[in-house]
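First the structure, in the form of structure tokens, and then the observations on it.
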Protein chains: 2
Amino acid sequence: MSAHPDLVKRPAPKLMLSIQQSLSGGSLSKRFGQGMSKSINLKELSQQLNLSQTTVSRALNGYPEVSAETRKRVAEMADKLGYAPNSQARRLATGRAMAIGHVIPRSIHEMMNPIFLEFIAGAGETYSEHGYDMIITVVEDAQEEGAYREIARRKKADGVIIHGPAVKETRHLLLKELNLPFVVHGRIPGAEETTSWIDMNNRSAFQRATDLLLDLGHTRIALLNGLEHMDFAARRRRGFEDALATRGLTPDPALMRRADMTEPYGCDSALELLESDNPPTAFLVSSMISAIGVARAVGQRGLRPGTDVSIVTHDDALSFLPNSGAVPIFTCTRSSVRYAGQKAAELLLKIIADPSSKPECLHLDAELIVGQSTGPAPAR
Amino acid sequence: MSAHPDLVKRPAPKLMLSIQQSLSGGSLSKRFGQGMSKSINLKELSQQLNLSQTTVSRALNGYPEVSAETRKRVAEMADKLGYAPNSQARRLATGRAMAIGHVIPRSIHEMMNPIFLEFIAGAGETYSEHGYDMIITVVEDAQEEGAYREIARRKKADGVIIHGPAVKETRHLLLKELNLPFVVHGRIPGAEETTSWIDMNNRSAFQRATDLLLDLGHTRIALLNGLEHMDFAARRRRGFEDALATRGLTPDPALMRRADMTEPYGCDSALELLESDNPPTAFLVSSMISAIGVARAVGQRGLRPGTDVSIVTHDDALSFLPNSGAVPIFTCTRSSVRYAGQKAAELLLKIIADPSSKPECLHLDAELIVGQSTGPAPAR
DNA sequence: TCCGAAATCCAAAGCGGTTTGAGCGTCCGC
DNA sequence: GCGGACGCTCAAACCGCTTTGGATTTCGGA
């Protein structure tokens, strides 16, 4: 239970002390040798200013009890001496960690990699703006719960973000028990009202995408979905099926697949399907990465995307996979994950600032963008 | 200079207090209402045990002055009560942040996205194992230096990792001035001896890749490189040129490109080159992502990779872009970035544990793997 | 002129750990 | 039988900041 077994192996304190001393002595002389200024603390700063620590602290933190003149004097001296309050001390004193935690279990960091990063990048921007740190914990799946408990017990973060909610999700219950504020990226079925979340409209996006294909005359449409134990994928499938049902069509299980959204998944699936007896004329794909695979398969079969085979994909607007231009390569439903990250962070910070606030959510609508990869269904 | 301008707008302390009190009162009752146990601190734990804080702390931290029996008793009680030391307090007392910083400027997080994430995932695993936190700071390019200074001044992290060193790099100088331990992922030209780093052998990998193509009879080889102000890209280019030079060939500038390694970059470049008067018969590409673009272009032109056109790429072993199987899709030079992340983290932790140690480096060799995308140069 | 409010500032008490230096039995060797 | 080493434990200092609860000064208004 205690943190790290190897601590027991630590050398006896006496020994450690002597080592530490000799070391810090060494580095100190080195520092001064390089003309480095030792970083200053509040006490020293206040002595320089002939003020109390209280006043200096208040001046720097913008409390009203300090005269404008004093505040200015303090600010200038702090600036000159390069003072910045020690994070740990401040956190300890205020009781706020000034950090947000992101726990990524192996199943996520092996699977939705780029999407996750993009989200992180967005959230990180928001954190920076508000003086919060982002702390990321990479764990084995089995240790995920433990990671959250650690965060709560050791007060490592003031809140966390739940990534990739599953259809059967439980993390939110744990977090409520731990009293750890959180925001869900995605939605937790059955907890839409009681949790704060930000999500795109997966169902309607895929419904509209399917409609587009149906309007173009496609009736055999393959769905290459993400793993359907994930909430987002389940919703997308529902959108797909709803659109078909509206036209009186029943989905063909042979045309529906689900897996981690890798490139080979797209390629291999497409190849198989195209070789089948009754091949699809269109593909609806859950990720650009897999869609690229589909395009590769189509090319390998000597077919042309947009003419012989139509492809619609969801585009998370990943920065290294731009699908832009006047006419984007892929027809897609697009929703920026990075933006979602920014907003999720904002929402979480708001909740932390006012924990009594009601759960809030943000529903992003994906745009449907027609690109080069769709066209009328070829005549049989 | 002071942290956040908006702090000035904070309500007067009195007011804040009353708010905070009412809030914590509320959440407390709620917590107890849910049967939550308030997280316990060292003082309470030691009282439960009828021991001093000193003894309990030592028992938990594995110091030898505690009897085995007492240690066991302490451990069990801590376990039972779910005690874990408050991170902030511990950090303050020990003076160690127990965290590693990763600063990612916009130029990185927009450009080498997936590679960065993969590295992070590897490093994160190592940190977790050693009880370290990973803190990620996303900043505008102009604020990068400021971010490092903040980390040093506020003691937010015990060390940092330098990502994506440029040919003209200066961050290491800043970090030395700040006395902040660091490890470079990549190499800093001119500072190979004085900094700790971990890198793959970019030059020789690309030299071997080029040799492979030359051996297959290709003489017009296009190089689709990353941005060459980055050290890794400069080295790769050198490897390419060296291989050509060894065979008495001079590189054709018309066949060499450099850009952010996106998918469209690969596709567009390949299309252009293939349409030129004297098109290349082979492509050497710096990233799987761009290589996929090249493959798309090749397909669009009605050509077959490995038969009509050869493609060799560097493969960072990104988890969502597997290039495996008995015969991988792409012939590649492969080196796991995730592994590099693990190793970099290990190295950094070692340096932090013993700051007087000499700079150390780790040179990873990329393997050359022959896949489906290469073949003999077509007869003209 | 005097008084209470407002404006400033301060000493000291936390926050929750780690580490110091000392205290007190016990046991061993001489 | 005695001095000293050892094993175990503790009270208190400290890390660097925020926040409390005054204390002091200033100043407008009666």
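Computation of the quantities below employed the complete heavy-atom set of this structure, encompassing side-chain atoms and omitting hydrogens, waters and symmetry-equivalent molecules. Keep in mind the model is a prediction, meaning the values are calculated, not measured. Order of the sequence lines fixes the chain letters, A, B, ..., with proteins taken first and strands second; residue numbering starts at 1 for each chain.
- B:T54 and B:S57 share no side-chain donor-acceptor pair at under 3.5 Å.
- For B:N61, a side-chain nitrogen or oxygen approaches OP1 or OP2 of C:dT18 to under 4.0 Å.
- In this structure, of C:dG16, C:dG17, D:dT18, it is C:dG17 that holds the atom nearest to the side chain of B:P85.
- In this structure A:E76 satisfies the side-chain contact (heavy atoms from CB on, under 4.5 Å) test together with A:K72, sequence neighbours excluded.
- We find that CZ of A:R90 is positioned 16 Å from C1' of D:dC15, with the value rounded to whole Å.
- In this structure, the side-chain contact (heavy atoms from CB on, under 4.5 Å) partners of B:N86, at least two apart in sequence or on a different chain, are A:K155, B:Q88, B:A89.
- Across the protein-nucleic acid pair, A:Q88 atom CD and C:dT18 atom P stand 14 Å apart, rounded to whole Å.
- Looking at residues two or more places apart in sequence or on another chain, you find a ring-ring contact (aromatic ring centres under 6.0 Å, His included) between A:F119 and A:H163, A:H185.
- Of the candidate nucleotides D:dG16, D:dT18, C:dT18, D:dG16 has the atom nearest to the side chain of A:A89.
- When the C1' atom of C:dT19 is taken as reference, atom CZ of B:R96 falls 12 Å away, rounded to whole Å.
- Note: CD (B:Q47) to C1' (C:dG16) measures 13 Å, nearest angstrom.
- Rounded to an integer number of Å, the gap from CG of A:N41 to P of D:dC14 is 14 Å.
- Considering only residues two or more places apart in sequence or on other chains, A:T126 meets the side chain to side chain donor-acceptor pair (under 3.5 Å) condition with none of them.
- Heavy-atom minimum distance, B:Y83 versus B:N41: CE1-C, 3.5 Å.
- Comparing atom distances between the B:Y63 side chain and each of C:dC15, D:dT18, C:dT19 picks out C:dT19 as nearest.
- Computed from coordinates, the A:E44 CD to D:dG16 C1' distance equals 10 Å when rounded to whole Å.
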Below 3.5 Å between N/O atoms, which protein atoms pair up with nucleotides 7-10 of chain C? Just atom names and distances, please.
{"unit_1": "C:dC9", "atom_1": "OP1", "unit_2": "A:T70", "atom_2": "OG1", "d": "2.9"}
{"unit_1": "C:dC9", "atom_1": "OP2", "unit_2": "A:T70", "atom_2": "OG1", "d": "3.1"}
{"unit_1": "C:dC10", "atom_1": "OP2", "unit_2": "A:S52", "atom_2": "N", "d": "2.7"}
{"unit_1": "C:dC10", "atom_1": "OP2", "unit_2": "A:S52", "atom_2": "OG", "d": "3.1"}
{"unit_1": "C:dC10", "atom_1": "OP2", "unit_2": "A:T55", "atom_2": "OG1", "d": "2.9"}
{"unit_1": "C:dC10", "atom_1": "N4", "unit_2": "A:R58", "atom_2": "NH1", "d": "3.1"}

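- Remark: C1' of C:dC15 and NZ of A:K155 are 11 Å apart, rounded to the nearest angstrom.
- Two end axes, each from the C1' atoms of five base pairs, can be drawn for the helix from C:dT1-D:dA30 to C:dC30-D:dG1; they diverge by 50°, to 10 degrees.
- Phosphate proximity of C:dG17 to B:Y83: present, with a side-chain N or O under 4.0 Å from OP1 or OP2.
- Residues A:M98 and A:S87 are not in side-chain contact: their nearest non-hydrogen atoms beyond the backbone lie 4.5 Å or more apart.
- Regarding B:N86, its CG atom lies at a distance of 6 Å from the C1' atom of C:dG16, rounded to whole Å.
- Shown here for A:R71 and A:V66, the closest heavy-atom pair between the two residues is NH2-O, 3.5 Å.
- Using a 4.5 Å heavy-atom cutoff, the side chains of A:I100 and A:Y127 are in contact.
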